[in-house]
Amino acid sequence: MVNPAALSPAARAEALVRLGQGELDVLVVGGGVVGSGAALDAATRGLRVGLVEARDWASGTSSRSSKLIHGGLRYLEMLDFRLVAEALKERGLLLGLLAPHLVRPVSFLYPLQHRLWERPYVGSGVLLYDAMASASGTRGGLPLHRHLLKRQALREAPSLRADALVGAIQYWDAQVDDARHTMFLARTAAAYGALVANRTRVSRFLRQGERVVGAVVTDLETGQETQVRAKQVINATGVWTDDTQSMAGTRGQFHVRASKGVHLLVPRDRINSRTGLILRTEKSVLFVIPWGRHWIIGTTDTDWTLDKAHPALSSKDVTYLLDHVNSVLTTPLAAQDVEGVYAGLRPLLSGEAAETSKLSREHLVAHPVPGLVVVAGGKYTTYRVMAKDAVDEAARGLDEKVAECITERVPLLGADGYPALWNSRHTLAERSGLHVARIEHLLNRYGSLVHELLAMVAADPALGEPLPSSDDYLAVEAVYAVTHEGARHLDDVLARRTRISIESWDRGVDAARTVAELIAPHLEWDEAQREREVDHYLKRVAAEREAQEQPDDLTADAVRLGAPDIIPAR
C-alpha cells in the first residue's frame, strides 16, 4: 500500500525547494482535474514530476462542474459513440476501483411528454447507453434503466406536475465532489513521488533557443521565485490555456474559449422526489441533481469573456434556471429558495484544429513548440484519458523509454479498503464515539483515510464537534484540510475542502471565524492575518449575493470583482 502523503505546509515548502534542484522529466502547469491527473499518470510511470497551481487545487472549472460522472447520454443523439463508450468506461472505473469513496450512483428520471414516438426513441437511446456500459466491462454495479408509467413516475417524483409527463424512463449515472476528487488526484500523485505546490504561479517559461526547458515559478505566499528545469512542460490550464501558451511566444494550434455554466442549490424539501431529473431545454438539457440536503439545478451554457477567476452569476441566470425547472413542478421555486450558487467556465475548443493531434471530439493535445505540450477541452469524466494522452505526447519528447500508462489500475488514496470499512461503519462508530451518520459522512469524503481523522478526534475530542451553522461538517475536517489536504486559506477550506460556502444557508459566514481560529496555528497566522482571512471571506459572500441580484453578466462581474483575492501572509 502506498504511503498516504500529507499535503502539509511543510511538505509544500519542501516540494518548492526540491523543484529548484536538478531537472524534472515533466512539469505540469495547472492543478485542475486534468493537470492533477497528468501528474499522477507521469509519476506512476516512474517519471520525475512537478505539479504547480497558481491558486488552489480545483479552484477553477474543476470545482464548479455539475458534479456528474457520466457517459453523456445526449452525445448518443449526436452519434458520438466513441466518446460515450470512452466516458462510460471511465465512469465504471471510478465507481468500482479508482475512487469508490468519492463517486457514487445517482438516478435520473426523464419525463416523457409525447405519446407513441418518444418512448421508443428515448428508450432505444438509454438501452444502447446501458448496453455500451456493460460492453465496457466496467459497469460499476449500476442498475439497468427502467420504463415507468405516468403513475409510477409520479410516485418516484411527486413534485412533478401531472400534465408535464405521460410517462418516464429512469436511468443511472454517478456523481462526485469534484473539488475533493481533484485534490485526491494531486495528493495521490504526491504519494507516488510528484512534487506538488499550490499557490505557485508560472511567471515565465525558460527557453533554450526555440525549446521550452522549464519555468520560473513564484510562490505567491512568500513572493520567492524558483527556476524549475524540466525536459517537458505540460500546459493543463483549462480556460487559461491561451494565456499560458502566450508565455511561450506561440499563438498555439488551437484556442480555448470560455462557456459559463451556472448552478443553483435549493433545500431538499423544496422538491419532493426520490430521484434526480433530466429535462430538455431549447439548447441542451437541465439537471436536477440530489446533493446531500440539497438539489443542484443546472446548467447554463453562455459565452463568457470577463474575469476568468471568479465568473459571476446574475439574476438573469437564476431566472433562466428557475423558469425551466418550474415548468414541470407542482410547487414552483422562488429566488428566495436558492441557498447557494456557483458558476464555472468550461474550456471549449476553437481554432486551427487541422494542425493538432485530435484524440476525440472533446479534447485536443498539441506540441506547439519543442518541450511544451498543451492539452485542452474535454469533460470531467474523461480526465484520466486526457491526462494519459498528454503524458504520452510528452513521453515522445523524452530520450529514455517511458512505461505505458497504468492509471486505470491505480486507486486514489482512500479507495483501498473502503468497501470493508463501509460495512464496518457501525463498529467504527462505537469505537470512536461518533454517531454512525458522522462515520458515513467521513467515509464518503476520506475513505480509508478516515482513521487519520478519528485519531485526531481521539487526541482532541473538541474536534469531533460540528461547525457553527454547518452541522454536516466537523471541526476536525477544517484542521485536516490544512494539515493533510493542502488548504492554504480560509476560502480553500470553506469552498473546496468542504462545501460550506454553497451548502449552508448563510454560505459559511457563521462558521468563518471558528474555522479561521482552528486553522490559524497550523498555517502560522498571526492575529492580523486571521482577521484578513475572515474579512476577505465575508466580502466574498457579500459580493456573490449582490452579483446575483444584477441584471446581466457585465454588472454582475463588476460587483463580484469588488471582493479582491486574499492577500497572502508575507
Side-chain angles (χ1 to χ4, degrees), residues 1-15 57 99-102 104 177 179-193 196 198 292 411-468 470-490 492-494 496-500 511 514-525:
M1 179 178 174
V2 66
N3 181 43
L7 298 183
S8 64
R12 176 182 178 276
E14 181 185 356
W57 308 121
H101 55 313
L102 302 173
R104 53 195 54 88
D177 185 328
R180 290 200 60 75
H181 174 255
T182 298
M183 179 277 298
F184 263 101
L185 283 169
R187 187 174 172 186
T188 306
Y192 282 99
V196 307
N198 56 351
L412 300 189
L413 291 177
D416 186 37
Y418 164 76
L421 283 171
W422 180 259
N423 292 340
S424 305
R425 60 194 184 277
H426 292 280
T427 303
L428 282 174
E430 291 172 7
R431 290 176 181 170
S432 66
L434 296 176
H435 192 279
V436 68
R438 296 289 189 195
I439 297 296
E440 291 175 351
H441 163 83
L442 294 175
L443 284 170
N444 284 331
R445 285 170 50 75
Y446 306 92
S448 57
L449 300 183
V450 69
H451 295 300
E452 295 183 338
L453 289 96
L454 296 181
M456 292 168 66
V457 173
D460 182 0
L463 294 179
E465 295 299 315
L467 293 170
S470 304
D471 185 62
D472 287 346
Y473 297 96
L474 302 179
V476 68
E477 298 183 76
V479 175
Y480 190 83
V482 299
T483 59
H484 289 72
E485 296 182 336
R488 300 289 304 169
H489 294 281
L490 179 60
D492 300 342
V493 177
L494 295 177
R496 285 171 292 280
R497 302 309 180 278
T498 69
R499 290 303 195 164
I500 290 172
T514 297
V515 172
E517 290 170 355
L518 283 166
I519 65 178
H522 303 281
L523 294 171
E524 298 182 348
W525 289 347

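Worth saying up front: this structure is predicted, and the values here are computed from it rather than measured.
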Give the minimum heavy-atom separation between V196 and L7, together with the two atoms involved. CG2-CD2, 3.6 Å
Quick one: closest heavy-atom pair of H489 and W525, and the distance? CA-CZ2, 4.1 Å
Side-chain heavy-atom pair R499, R180 within 4.5 angstrom cut-off: no
Return yes if some donor-acceptor pair links the side-chain N/O of S448 with the main-chain N/O of D416 below 3.5 Å, else return no. yes
For residues Y473 and H441, establish whether the separation of their ring centroids is below 6.0 Å. yes
Are L185 and L412 side-chain neighbours, meaning at least one heavy-atom pair lies under 4.5 Å? yes
Shortest non-hydrogen contact from L490 to A516? CD1-N, 3.9 Å
Mind checking the OH-OH spacing from Y446 to Y418? Nearest 0.5 Å is all I need. 14.0 Å
If you measure from NE2 on H426 to NE2 on H435, what distance do you get to the nearest 0.5 Å? 9.5 Å
Checking the side chain of T182 only, and the main-chain atoms of W57 only, is there a donor and an acceptor separated by less than 3.5 Å? no
Just grab all the salt bridge (charged side-chain N to carboxylate O under 4.0 Å, His left out) pairs involving residues 434-455, residues at least two apart or on different chains. R187-E452, R425-E440, R438-D471, R445-E477
So does L413 get a backbone contact from the side chain of H101, meaning a donor-acceptor N/O pair under 3.5 Å? yes
Taking the side chain as every heavy atom from C-beta outward, state whether L454 and I439 have any pair of such atoms under 4.5 Å apart. yes
Distance-only donor-acceptor check, side chains N198 and R488, under 3.5 Å: no
Kindly indicate whether the side chain of L434, heavy atoms from C-beta on, has any atom under 4.5 Å from the side chain of L442. yes
Heavy atoms of S470 and I500 approach each other most closely as OG-CG2, 3.4 Å
Which residues satisfy the side chain to side chain contact (heavy atoms under 4.5 Å, CB included) test with A487, sequence neighbours excluded? A481, V482, D492, V493, R497
Donor-acceptor contact below 3.5 Å, side chain S8 vs main chain A11: yes
Measuring from atom CG of N444 to atom CG of D177, what distance do you get when rounded to the nearest 0.5 angstrom? 11.0 Å
Over all heavy atoms of both residues, which pair between N3 and A191 is shortest? Give the atoms and the distance, please. O-CB, 3.3 Å
pair S432-V457: side-chain heavy atoms closer than 4.5 Å: no
For T483 versus A6, what's the shortest heavy-atom pair and its separation? O-CB, 3.9 Å
